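For reference, the structure is listed below as structure tokens.
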2 protein chains.
Amino acid sequence: MKTSSPAPSFAPIKTQRAFEVICEQIRGQLAAGTLKTGDKLPAERELAAEFQVSRSALREALRSLEVAGIIRNVKGVKGGAFIQSAEPDRIVQAMQDYVHLGNVSLDELTEARLATQDIIVRLACERASEADFAELEAIAERTRQENGVEARYECAADYYRVLARATKNRMFGIFVDSLSAILHEFVQGPDYETLQEALIESRFKLVRHLRARDADAAAVEMRKHLERVHRHVRKNLKAQDAPAKVGKARAKGARPD
Amino acid sequence: MKTSSPAPSFAPIKTQRAFEVICEQIRGQLAAGTLKTGDKLPAERELAAEFQVSRSALREALRSLEVAGIIRNVKGVKGGAFIQSAEPDRIVQAMQDYVHLGNVSLDELTEARLATQDIIVRLACERASEADFAELEAIAERTRQENGVEARYECAADYYRVLARATKNRMFGIFVDSLSAILHEFVQGPDYETLQEALIESRFKLVRHLRARDADAAAVEMRKHLERVHRHVRKNLKAQDAPAKVGKARAKGARPD
DNA sequence: ATATTTTTAATGGTCCTACCATTAAAGGAG
DNA sequence: CTCCTTTAATGGTAGGACCATTAAAAATAT
């Protein structure tokens with residue numbers, strides 16, 4: 001380190017806690033490829049000895065990695081910490097937390113969803129196979145037979161998920177899942193039922209456009225679909241006095257740190 | 001439990017661990033609004049007593065919430081766990097982990113980035129203020145004066161960040177930060193220097209298009225810019241035998257669970 | 001021999017106690 | 001009033017103990 005640096009910019013002091021160092025080392029081995037999916041870490045007591053820390057500290061590190069979806073702890077003999085094949089759940093949860101802490105408004109979510117789905121529809125229009133189309137139709141049909149709000153919502157999420165998968169790009173699946181999970185919390189209210197048939201019909205129409213490889217028509221249909229849903233969500237939000245979730249971000253003026 | 005249940009569908013047994021229950025309760029209070037940014041949780045020893053668990057178990061819960069970016073633990077008297085105003089870092093980290101575990105290829109990242117930036121450019125073109133333009137130009141100018149690869153990369157990330165902010169939608173900022181962080185790992189190599197001037201010039205051009213509110217021209221410029229960068233990244237990736245990072249996803253056939 | 005049951009040892013989950021380092025507030029010296 | 005010292009609260013770490021679970025090994029029955 002240069003001592004007489006004229007620039008008054010100091011690196012922020014960050015006390016490295018034991019568990020952080022451990023996490024870093026393991027993450028590092030992951031990025032380097034030394035550790036990969038399916039590998040098993042030594043037992044806690046053994047690892048603790050290797051890192052020369054107490055079992056408590058090591059456990060906090062493992063716990064962190066677990067909630068990050070990197071490892072999975074399994075009990076019993078032959079148990080231990082196994083490197084997981086990451087699933088997007090953690091990303092979804094992170095986004096959900098972010099929204100809950102009041103940093104994103106419903107309007108922003110809606111806009112992001114519209115934009116994302118527009119891309120997805122256009123890519124899917126190019127790349128989707130007949131199998132994808134069939135699956136989408138099957139889901140739409142299944143939606144018609146369900147009657148619980150929750151079950152119907154699951155169908156909707158599946159529909160979007162399959163559509164995203166048809167782009168053959170997993171990143172879009174992540175975006176969609178995240179937005180779906182967050183917006184799910186708003187899907188409720190009395191007249192959601194009356195919308196159903198229109199929504200289902202819209203999903204069939206979308207598949208028809210995709211089959212015809214008519215990207216513009218498909219995108220328009222998706223846009224109309226989403227706008228209908230979001231109009232409904234917004235109406236319910238206002239009506240129910242919104243149990244202090246999203247939307248009060250700017251009002252509270254949340255300042256970072 | 002009913003013994004002769006005809007339906008063979010059982011709910012998956014999920015042993016609720018203590019720390020999970022604690023996390024759920026706190027997350028619940030967050031979603032419900034009982035807890036909000038800036039609030040302080042009781043001290044660990046006190047909280048443990050309240051939940052009737054050991055301090056260890058409670059600490060694992062707090063650690064989980066901390067790595068999730070929900071709370072921040074501060075030492076000393078008057079210390080404790082404070083509800084944080086979440087920053088997107090955690091989402092970025094989650095995405096990074098996901099990629100490191102080999103679930104997304106470089107091609108997918110690239111495509112997602114192109115699509116995302118296209119939206120951002122178009123929205124920014126509508127909404128950016130003169131202040132935003134000035135900031136973008138200042139960053140581009142600053143890039144020219146830096147000479148370390150790392151410093152230049154930081155400038156680039158700032159540029160994209162400010163551009164995303166100009167959309168007035170925080171979700172896009174998250175997407176961009178995530179993609180930037182992940183792709184950052186590939187930005188290296190000898191001839192990155194020779195690209196710099198072209199890249200910087202391109203950033204100025206983009207601002208000019210934005211000022212003119214010419215969305216199509218701006219989008220084209222961004223596309224050309226990104227394609228140039230990604231061509232370079234890809235070339236380096238092949239050349240350096242890619243230290244086992246992204247790209248081997250499909251080859252290994254990572255199967256979830 | 002084979003199948004079934006029992007025992008055993010490894011392992012994560014939890015609890016407990018103790019001590020350290022840090023920090024802000026209270027108290028004391030000048 | 002200012003500066004220094006002391007003090008108490010708090011998170012971080014250590015280390016030991018015990019429990020529940022689990023799969024393998026051993027014992028037993030068939």
Side-chain angles (χ1 to χ4, degrees), chain A residues 10-27 35 37-85 257, chain B residues 1 10-27 35 37-85 90 257:
Chain A
F10 295 99
I13 303 292
K14 192 193 173 189
T15 307
Q16 280 282 61
R17 288 170 292 184
F19 85 93
E20 286 176 315
V21 181
I22 299 173
C23 282
E24 271 173 30
Q25 289 205 25
I26 293 181
R27 272 203 166 89
L35 282 177
T37 301
D39 287 356
K40 175 177 176 300
L41 269 48
E44 289 185 357
R45 294 161 175 87
E46 193 178 336
L47 251 187
E50 201 167 320
F51 280 114
Q52 302 199 352
V53 296
S54 74
R55 207 183 146 203
S56 326
L58 180 88
R59 274 181 67 77
E60 291 191 15
L62 291 185
R63 189 63 68 225
S64 302
L65 293 175
E66 185 190 319
V67 299
I70 293 183
I71 64 174
R72 176 166 137 258
N73 290 312
V74 34
K75 268 210 302 201
V77 59
K78 289 297 171 187
F82 295 86
I83 308 287
Q84 275 254 288
S85 137
D257 250 4
Chain B
M1 304 178 193
F10 295 99
I13 303 291
K14 193 194 171 190
T15 308
Q16 279 282 58
R17 289 170 292 183
F19 85 94
E20 286 177 314
V21 181
I22 299 174
C23 282
E24 272 174 29
Q25 288 205 25
I26 294 181
R27 272 203 166 89
L35 282 177
T37 301
D39 287 356
K40 176 178 174 301
L41 268 48
E44 289 185 356
R45 294 163 175 86
E46 193 178 336
L47 251 188
E50 201 167 321
F51 280 113
Q52 302 199 352
V53 296
S54 74
R55 205 183 146 204
S56 324
L58 180 88
R59 275 180 65 77
E60 290 191 15
L62 291 185
R63 190 63 68 224
S64 301
L65 294 174
E66 185 190 319
V67 300
I70 294 182
I71 64 174
R72 178 167 139 257
N73 291 312
V74 33
K75 269 210 302 199
V77 59
K78 290 297 171 188
F82 294 86
I83 307 288
Q84 273 255 287
S85 138
R90 309 303 161 165
D257 249 5

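A note on names: the letters A, B, ... follow the listed sequences, proteins ahead of strands, and every chain is numbered from 1. None of these values were measured; they are calculated from a predicted model.
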Mapping Lys78(A) and Ser56(A) onto DNA chain C by nearest heavy atom, which one lands closer to the 5' end? Lys78(A)

For residues Cys23(A) and Ala61(A), report the shortest heavy-atom separation together with the two atoms involved. SG-O, 3.6 Å

Hey, which of these two, Gln52(A) or Gly76(A), hits DNA chain D nearer its 5' end, going by closest nucleotide? Gln52(A)

Distance check: side-chain N/O of Arg55(A) vs OP1/OP2 of dG15(D), anything under 4.0 Å? no

Looking only at non-hydrogen atoms, find the nearest pair between Gly80(B) and Lys40(B) and report the distance. CA-CE, 4.3 Å

Its 5'-most and 3'-most nucleotides having an atom under 4.0 Å from a non-hydrogen atom of chain A, DNA chain C is contacted over dA10(C) to dT14(C)

Answer yes or no: is there an ion pair linking Glu66(B) with Arg63(B), defined by an N-O contact shorter than 4.0 Å? yes

Might you point out which heavy atoms bring Val67(B) and Ser64(A) nearest each other, and give the distance in Å? CG1-OG, 3.5 Å

Where do Leu35(A) and Asp39(A) come nearest, in terms of heavy atoms and distance? CA-OD2, 3.6 Å

Does the base of dG11(D) carry an N or O that pairs as donor and acceptor with the side chain of Arg45(B) under 3.5 Å? yes

What parts of residues 57-71 of chain A reach DNA chain C, counting only heavy atoms under 4.0 Å away? Arg59(A), Arg63(A)

Residue closer to the 5' end of DNA chain D, Val74(A) versus Ser54(A) (nearest nucleotide): Ser54(A)

Gln16(B) and Glu24(B): CA distance, side-chain angles, deciding distance, side-chain contact (heavy atoms from CB on, under 4.5 Å) verdict: CA-CA 11 Å; Gln16(B) 279 282 58; Glu24(B) 272 174 29; 3.4 Å; yes

Nearest heavy-atom neighbours spanning Leu41(A) and Ile26(A): CD2-CD1, 3.9 Å

Sorted by chain and residue number, the salt bridge (Lys or Arg N to Asp or Glu O under 4.0 Å) partners of Arg45(A) (sequence neighbours excluded) come out as none

